Amino acid sequence: MTVSRPWRIALRVIGLAYLAALLLVPVAIIFYRTFEHGVMAVWDSITTPAAVSAFTLTLEVTLIAVPLNTIFGIVMAMALARGRFKGKTVLNALIDLPFAVSPVVIGLSLILVYGVRGWFGGALADAGIQVIFSTPGIVLATIFVSLPFVVREVTPVLKEVGNEQEQAAATLGANGWQSFWRVTLPAIRWGVAYGVVLSVARSIGEFGAVSVVSGKISGETETMTLLVEKRFSNFDLAGAYAASALLAVIALLTLLAMTLIKPRREEEDHG
């Protein structure tokens with residue numbers, strides 16, 4: 001089907017206008033509102049004890065959740081791409097569960113399992129371990145919502161490269177661990193990197209599940225997204241804009257990382 005030049009131009013204009021209305025204009029307004037009172041006002045807003053605590057907690061949770069999901073993602077990707085076992089189809093579907101279930105439902109399910117009256121919450125409380133309304137609950141929620149990304153980025157790469165090089169390494173005397181480090185991991189490194197970037201972005205920007213399990217305790221269980229919501233609810237618009245701008249900068253850096261990684265990944269996949 002051939003589309004005339006006027007129609008192509010019209011479709012591009014409509015597409016760009018749609019993106020501008022939903023994405024570019026709102027983000028631009030946030031940055032404008034953030035800096036309309038000067039840079040020092042923004043600095044004062046993002047260096048308050050509450051903001052520093054929220055950013056530190058967000059970073060801490062991300063540094064725990066992303067490495068764990070990276071290890072899990074690589075293992076699951078190898079199982080799905082290389083393994084043959086019963087229940088593989090079910091496992092493949094379960095990995096996508098965080099994409100299908102609302103984060104609020106995820107948070108509620110964690111309360112039902114790890115809350116004081118949950119399946120394991122009573123035993124954990126007796127042992128002096130608090131999961132819900134503390135950092136472990138936030139970590140669990142973040143792990144759950146960011147779980148699929150590394151798996152979904154690495155699995156197609158493994159299927160594309162095949163296992164011929166691994167078999168060749170085995171014939172030369174390499175054990176499974178040596179084959180993984182010297183053959184498999186270098187082949188999937190850009191897929192892993194892409195999945196990690198997506199996981200970081202999802203972990204930092206998570207709100208729904210974290211909002212349910214955190215308790216929103218200022219200075220203790222308040223992440224950056226919760227801080228934005230709290231400041232906005234308290235009519236501290238300048239503070240909310242400043243925290244939102246910081247999250248937007250992180251998102252832009254994530255987008256830049258994805259842009260830099262994608263060509264190398266595509267080059268390797270077709271190489």
Side-chain angles (χ1 to χ4, degrees), residues 61-103 105-107 109-110 112-114 119-120 131 136-206 209 213 254 257-258 261-262 264-271:
V61 170
T62 302
L63 289 177
I64 296 173
V66 173
L68 290 176
N69 275 342
T70 300
I71 296 172
F72 170 84
I74 293 174
V75 172
M76 285 296 99
M78 293 187 67
L80 293 174
R82 302 278 195 264
R84 295 181 180 179
F85 53 91
K86 292 182 179 180
K88 182 177 178 180
T89 303
V90 176
L91 177 61
N92 192 35
L94 287 176
I95 289 174
D96 287 333
L97 191 61
F99 289 149
V101 178
S102 168
V105 176
I106 293 171
S109 66
L110 289 174
L112 294 176
V113 175
Y114 297 104
W119 291 353
F120 308 124
V131 176
I138 299 174
V139 171
L140 286 175
T142 305
I143 288 174
F144 197 104
V145 299
S146 60
L147 182 145
F149 292 104
V150 174
V151 183
R152 291 305 174 218
E153 294 300 326
V154 174
T155 301
V157 178
L158 282 171
K159 291 181 179 179
E160 180 72 22
V161 299
N163 62 352
E164 290 81 6
Q165 294 182 355
E166 297 169 3
Q167 292 177 357
T171 60
L172 294 174
N175 57 36
W177 191 246
Q178 291 172 329
S179 177
F180 171 77
W181 277 106
R182 297 183 181 182
V183 178
T184 307
L185 188 58
I188 63 174
R189 64 185 185 278
W190 292 116
V192 173
Y194 204 74
V196 167
V197 169
L198 291 174
S199 297
V200 169
R202 188 70 176 88
S203 299
I204 291 176
E206 172 54 26
V213 303
T254 302
M258 292 171 60
I261 291 172
K262 189 174 182 179
R264 297 188 180 186
R265 180 188 171 191
E266 291 177 347
E267 180 182 346
E268 186 170 280
D269 289 345
H270 295 90

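Everything numeric here is computed off the predicted structure, so don't read it as measured data.
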| query | In Å, rounded to the nearest 0.5 Å, how long is the span from OG of Ser199 to CD1 of Ile143? | reply | 11.0 Å
| Atom of Val157, atom of Gly191 and distance for their closest heavy-atom approach | CG2-CA, 4.4 Å
| Nearest-0.5 Å distance that lies between atom CD1 in Ile188 and atom CD in Glu160 | 14.0 Å
| said: Can you give me the closest heavy-atom contact between Leu110 and Gly137, atom names plus distance? | reply: CD1-O, 4.3 Å
| request: Mind listing the closest non-hydrogen atom pair of Ala65 and Ser203 along with its distance? | output: CB-OG, 4.5 Å
| said: Quick check for you: to the nearest 0.5 Å, what is the distance between Leu68 atom CG and Leu140 atom CG? | reply: 10.0 Å
| query | Looking only at heavy atoms, which two atoms of Pro186 and Phe180 are closest? And how far apart? | reply | CD-O, 4.1 Å
| So which pairs with a foot in residues 194-204 pass salt bridge (charged side-chain N to carboxylate O under 4.0 Å, His left out), sequence neighbours left out? | Arg202-Glu206
| Min side-chain heavy-atom separation Glu153-Val192 under 4.5 Å | no
| said: Can you tell me how far apart CG (Leu198) and CG (Asn69) are? Round to the nearest 0.5 Å. | reply: 12.0 Å
In a table with atom names and distances, give each donor-acceptor pair under 3.5 Å that connects a side chain of residues 70-77 to protein atoms at least two apart or in another chain.
{"unit_1": "Thr70", "atom_1": "OG1", "unit_2": "Val66", "atom_2": "O", "d": "2.7"}

| message | If you apply the rule side chain to side chain contact (heavy atoms under 4.5 Å, CB included), what do you find for Ile204 with Thr254, and how did you get there? | response | CA-CA 11 Å; Ile204 291 176; Thr254 302; 5.9 Å; no
| said: Using the side-chain hydrogen bond (donor to acceptor under 3.5 Å, both in side chains) criterion, which residues pair with Arg182? Sequence neighbours excluded. | reply: none
| task | Compare every heavy atom of Val213 with every heavy atom of Gly107, then report the nearest pair and how far apart it is. | result | O-CG1, 3.4 Å
| query | Is the shortest heavy-atom distance from the side chain of Asn92 to the side chain of Thr155 under 4.5 Å? | reply | no
| query | Of all heavy-atom pairs between Ala81 and Leu158, which one has the smallest distance, and what is that distance? | reply | CB-CB, 3.7 Å
| Which residues share a side-chain hydrogen bond (donor to acceptor under 3.5 Å, both in side chains) with Thr62, sequence neighbours left out | none
| request: Assign the ring pair Tyr114 / Phe120 to parallel, tilted or perpendicular, where the plane angle (0 to 90°) is split at 30° and 60°. | output: tilted
| How many angstroms lie between atom CG of Leu91 and atom CG of Asp96, to the nearest 0.5 angstrom? | 10.0 Å
| query | Which pairs count as side chain to side chain donor-acceptor pair (under 3.5 Å) when at least one residue sits in residues 73-86, sequence neighbours excluded? | reply | Arg82-Glu166
| request: Taking ring pair (Phe, Tyr, Trp, His ring centres under 6.0 Å) as the test, write out the residues that go with Trp181, two or more places apart. | output: Trp177
| query | Are any non-hydrogen side-chain atoms of Phe144 and Val101 less than 4.5 angstrom apart? | reply | no
